[in-house]
J.: 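Next up is a structure, given as structure tokens.
By convention in this document, chain letters (A, B, ...) are assigned in the order of the sequence lines, proteins followed by strands, and residues within each chain are numbered from 1. Atom set for the values below is all heavy atoms of this structure, side chains included, hydrogens, waters and symmetry mates excluded.
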There are 2 protein chains.
Amino acid sequence: MRYHKIPDETIRRLPVYLRGLLFLLEEGRQSISSRDFADFVSVNPWQIRKDFSYFGEFGTRGVGYDIKKLSKQIYKILKLDVVHKAALVGVGNLGLAVLAYPGFGTYNFDIVAAFDTDRKKIGKKIKDVTVEDISKIRALKRKKIDLGIIAVPRKAAQEATDALVTAGVKGILNFSSCHIAVPKKIKVITIDIAMDLARLPYYMPAS
Amino acid sequence: MRYHKIPDETIRRLPVYLRGLLFLLEEGRQSISSRDFADFVSVNPWQIRKDFSYFGEFGTRGVGYDIKKLSKQIYKILKLDVVHKAALVGVGNLGLAVLAYPGFGTYNFDIVAAFDTDRKKIGKKIKDVTVEDISKIRALKRKKIDLGIIAVPRKAAQEATDALVTAGVKGILNFSSCHIAVPKKIKVITIDIAMDLARLPYYMPAS
DNA sequence: CTATGTGAATTTATTCACAGCA
DNA sequence: TGCTGTGAATAAATTCACATAG
């Protein structure tokens, strides 16, 4: 394996592979060939092999990939092999869905704090987390939280972002349907449901 | 403008542009140059111009783009200029968040039916929609619903998919964290929060 | 003989640079 | 003069084809 810049697209596919591998593991499978795995995750076999090859030689020629070993490698590559503490801002419908979402645990994320402005919500305990007033967000610095999740209405998004940045997070998962401004070194991933929804009709056959 | 196959990436960006334009419209702006718009949506100006150029000449040289006119064009390109009826399957945390989500209206989606298996939820009225038993999903065919939204746990996802396909939807928005199998002509867009989340640590600076 | 790993070829997407129009 | 629209150049990602290892 020579040096190669790793394509962003490869990084985007790794979680897809991981999801598939974890599923196969649950099913009790031990190993799988790139061809069979390709059918399973809907990605070409040569694409799968190339993606893995950027990071090393994880397979066995003539056999395939060891599912357990490979999934561990992907955890490591994506830095999911250590626990990441996260803080949630906004405990509305979406925030509650995020707190209840089982996917976070799978990838070693731990939501250790939740904030809101609504007095009715403050003090409530949801899934081991007590909702605090948003002004308390400064105290996060001591807790070594490196991830922020924004689930507030659009108008409050930038304010929530600034608070999280001040609190020292290194990455933000933004569920608000707006662009948020952050210092360059902080990575933001925006999940705007409407954004994905809006391109669905384009691909649907005409009625 | 000569014929060009339209890149998928362009289609992916159109909703981003649309979101920006709608925001500017709210602010009362009339027109904008590709350069200013570029700063606003974080896409290069030449990329913006090229993207629009695939569909026609929407701007005025020396001036820029008329915001109202351009947003209307994007609505038309993405086929968002007609109302799309949608059916929601699964009224749990995520399903409720989807029902409450204001973004659907903006893009002319109308959730006209909701289904669940939980007897406690059936019959309840949420946001103008009465939750029905999932067995009633067959009746959708008469209602001309062309979009299905899956917000059920992973194990129920394929079953929900099959029901929606039988009911005649042409597109599916899948919130389940699994791959779903559909006939080729049906477009599926999967929104798996964990999938986006899982690539965040990779891009975060080391602690 | 099977299935991986990887340079090379091809395809796709982005960026440039400037012609063309208001 | 200013900003769009677009072929041409460049960069990035995918696909191929086959050498290589179990």
Side-chain angles (χ1 to χ4, degrees), chain A residues 1-17 20-21 24 29-74 77 199 202-203, chain B residues 1-17 20-21 24 29-74 77 199 202-203:
Chain A
M1 181 194 61
R2 293 252 261 291
Y3 172 80
H4 278 101
K5 194 201 159 296
I6 292 149
D8 276 347
E9 289 297 299
T10 293
I11 299 302
R12 200 184 48 74
R13 279 188 297 267
L14 288 182
V16 177
Y17 299 149
L21 292 169
L24 289 167
R29 284 204 56 169
Q30 303 254 319
S31 76
I32 195 165
S33 68
S34 59
R35 185 212 264 248
D36 289 351
F37 193 51
D39 289 340
F40 193 67
V41 296
S42 295
V43 177
N44 298 325
W46 43 83
Q47 181 77 81
I48 291 173
R49 293 203 300 273
K50 174 136 287 208
D51 282 342
F52 292 153
S53 80
Y54 290 122
F55 305 99
E57 305 196 5
F58 299 149
T60 309
R61 293 174 198 228
V63 180
Y65 297 92
D66 181 279
I67 293 171
K68 204 168 205 169
K69 207 173 110 188
L70 184 55
S71 58
K72 270 198 181 145
Q73 288 287 356
I74 299 178
I77 293 165
R199 67 200 159 90
Y202 178 86
Y203 292 105
Chain B
M1 181 195 61
R2 293 253 261 290
Y3 172 79
H4 279 102
K5 195 200 160 294
I6 292 149
D8 276 347
E9 289 298 298
T10 293
I11 298 302
R12 200 184 49 72
R13 280 187 296 267
L14 288 182
V16 177
Y17 299 149
L21 292 169
L24 289 167
R29 285 204 56 168
Q30 303 254 318
S31 74
I32 195 166
S33 69
S34 59
R35 183 212 264 249
D36 289 351
F37 193 50
D39 290 338
F40 192 66
V41 294
S42 295
V43 177
N44 297 325
W46 44 83
Q47 182 76 82
I48 291 172
R49 294 203 299 274
K50 173 136 287 205
D51 282 341
F52 292 154
S53 79
Y54 290 123
F55 304 99
E57 305 197 4
F58 300 148
T60 310
R61 293 172 199 229
V63 180
Y65 297 92
D66 181 280
I67 293 171
K68 203 169 206 166
K69 206 172 111 188
L70 183 56
S71 56
K72 271 198 179 146
Q73 288 287 356
I74 299 179
I77 293 165
R199 68 202 158 90
Y202 178 87
Y203 292 104

J.: Can you check side chain to side chain contact (heavy atoms under 4.5 Å, CB included) on B/Y54 and B/L14, steps first, answer last?
T.: CA-CA 12 Å; B/Y54 290 123; B/L14 288 182; over 6 Å; no
J.: Is A/T10 touching bases, backbone alone, or none of the nucleic acid, heavy atoms closer than 4.0 Å?
T.: nothing
J.: State whether the number of non-hydrogen atoms from other residues, nucleotides or ligands found under 6.0 Å of A/R35 atom CZ is greater than 12.
T.: no
J.: Side chain of A/K50, heavy atoms from C-beta onward: which of C/dA8, D/dA13, C/dT4 has the nearest atom to it?
T.: C/dA8
J.: For the pair made of CH2 in B/W46 and P in D/dA8, what is the distance, rounded to whole Å?
T.: 20 Å
J.: Quick one: do B/Y65 and B/L21 satisfy side chain to side chain contact (heavy atoms under 4.5 Å, CB included)? Show the steps, please.
T.: CA-CA 10 Å; B/Y65 297 92; B/L21 292 169; over 6 Å; no
J.: Counting only side-chain heavy atoms from C-beta out, which of C/dT4, D/dT15, D/dC3 sits nearest to B/S33?
T.: D/dC3
J.: Taking any heavy-atom pair under 4.0 Å as a contact, classify B/R13: base, sugar-phosphate, or nothing.
T.: sugar-phosphate
J.: In whole angstroms, how far is the C1' atom of D/dT4 from the NZ atom of B/K69?
T.: 12 Å
J.: Is any side-chain N or O of A/Y65 closer than 4.0 Å to OP1 or OP2 of C/dG5?
T.: yes
J.: Whole angstroms only, please: what is the CD1-C1' distance between A/I11 and D/dA13?
T.: 14 Å
J.: Considering only side-chain heavy atoms of A/S53, which listed nucleotide, D/dG7, C/dT15, C/dT6, is closest?
T.: C/dT6
J.: Contact between A/Q47 and A/D51 at the side-chain level, heavy atoms closer than 4.5 Å - yes or no?
T.: yes
J.: Counting only side-chain heavy atoms from C-beta out, which of D/dG7, C/dC21, D/dG22 sits nearest to A/R61?
T.: D/dG22
J.: Expressed as a whole number of angstroms, how long is the span from A/I6:CD1 to D/dA11:C1'?
T.: 18 Å
J.: Remember a base hit wins even if backbone is also touched, and classify A/F52 as base, sugar-phosphate or nothing at under 4.0 Å, heavy atoms.
T.: nothing
J.: With heavy atoms under 4.0 Å as the rule, sort A/K5 into base, sugar-phosphate or nothing.
T.: nothing
J.: Is there a side-chain contact between B/L70 and B/F37 (heavy atoms, below 4.5 Å)?
T.: no
J.: Taking the nucleotide of DNA chain D with the nearest heavy atom to each, does A/Q47 or B/S34 sit closer to the 5' end?
T.: B/S34
J.: If you take atom types as modelled and just measure distance, does the side chain of A/R49 reach the base of C/dT4 with a donor-acceptor pair under 3.5 Å?
T.: no
J.: Specify the separation, in whole Å, of atom NE2 of B/H4 and atom P of C/dT11.
T.: 16 Å
